[in-house]
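Note that the structure is a prediction, hence the values are computed from the model and not measured.
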Amino acid sequence: MSDPVSAPWVNRLLKAMPPDDAAAIFAQSAAVELRLRQTLHAPDVRIKDCYFVESGMVSIVAVLDEGDPMEMGVIGFDGFVGLPVVLGAGQSPGEAMVQLPGMALQIDGAVLKQIFDERVGARGVLLRYAQAMQVQVSQTAACNGRHDTEQRLARWLLMVVDKFRIQPIPLTQEFLSMMLGVRRQQVSLTAAVLQNAGLIRYRHGSIEVVNRDGLEAVACECYGVVARESSRLFG
């Protein structure tokens, strides 16, 4: 039986599984680089491979009819890309795009589905993750519709810090504009407000959170809802 303390992975889902189940996934996986703006699965196309993220960050993005993308969910070392595969759907209308580069364990979707079907421990963890993602996606939709840009940017930065774990975070105005669904000028003005309040340090191409408690006070309740559900499901 594998020792979870010395296991050769950092992914939180694998760590939450019974060691033998995680080892079965690891044995069928290959370590791959996640490249900036790489598409891991395209909209409405069968998902061939799944990815247990070890570092970096992946966004699940909805591409609207006008061609503008809008982020629905964020995946870091606490999750995996390819949830529709284990749930039996096989594909998704959303696109999985690498937004911060890193590493992942890549596994064939059919192999992971077989492990999911045969191993109760792995299945339980992945189903709990499905619940966590459902809450994140639905709360993001509510947030985008009801809260102002300052609250949404604060919420989003807290999520990224939790998932990326490295500062400063390499984020451009273009990227933030796409993720928040607002114009670049609005991103610049909002980031300036947070910086003037001493909450972040905003430079060209990067953001550093310098007062996390203050940023949590600015963020809407959506961050807390998602964080509490994740903590309830995984500790």
Chemist: Are V98 and V10 linked, directly or through intermediate hydrophobic residues, by side-chain heavy-atom contacts shorter than 4.5 Å (ILVMFWY only)?
Modeler: no
Chemist: Counting C-beta onward and ignoring hydrogens, is there a side-chain heavy-atom pair between R152 and V182 closer than 4.5 Å?
Modeler: yes
Chemist: Does the gap between the ring centers of F52 and W9 come in under 6.0 Å?
Modeler: no
Chemist: Do Y129 and I75 have side chains that approach each other closer than 4.5 Å (heavy atoms only, starting at C-beta)?
Modeler: yes
Chemist: Using 0.5 Å steps for rounding, measure from the CD1 atom of I200 to the OG atom of S206.
Modeler: 10.0 Å
Chemist: Establish whether V137 and L126 are linked, either directly or via other cluster members, by ILVMFWY side-chain heavy-atom contacts under 4.5 Å.
Modeler: yes
Chemist: How about CD on Q167, more than 12 heavy atoms from neighbouring residues, nucleotides or ligands closer than 6.0 Å, or not?
Modeler: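 It does: Q167 CD has more than 12 such atoms within range.
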Chemist: Determine yes or no for a side-chain-to-main-chain donor-acceptor pair under 3.5 angstrom, with Q195 supplying the side chain and Y202 the backbone.
Modeler: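 Pair found, side chain donor or acceptor close to backbone of Y202.
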Chemist: Do L13 and V85 sit in the same hydrophobic cluster, where Ile, Leu, Val, Met, Phe, Trp and Tyr count as joined when their side-chain heavy atoms come under 4.5 Å apart?
Modeler: no
Chemist: Side chains of T39 and E95: donor-acceptor distance under 3.5 Å anywhere?
Modeler: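 Judged by distance alone, the side chains do pair up.
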Chemist: Take atom CZ of R212 as the centre, draw a 6.0 Å sphere, and report whether it contains more than 12 heavy atoms from other residues, nucleotides or ligands.
Modeler: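 Counting other residues, nucleotides and ligands, CZ of R212 exceeds 12 neighbours.
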Chemist: Has S92 got a side-chain atom pairing as donor or acceptor with G94's backbone, closer than 3.5 angstrom?
Modeler: yes
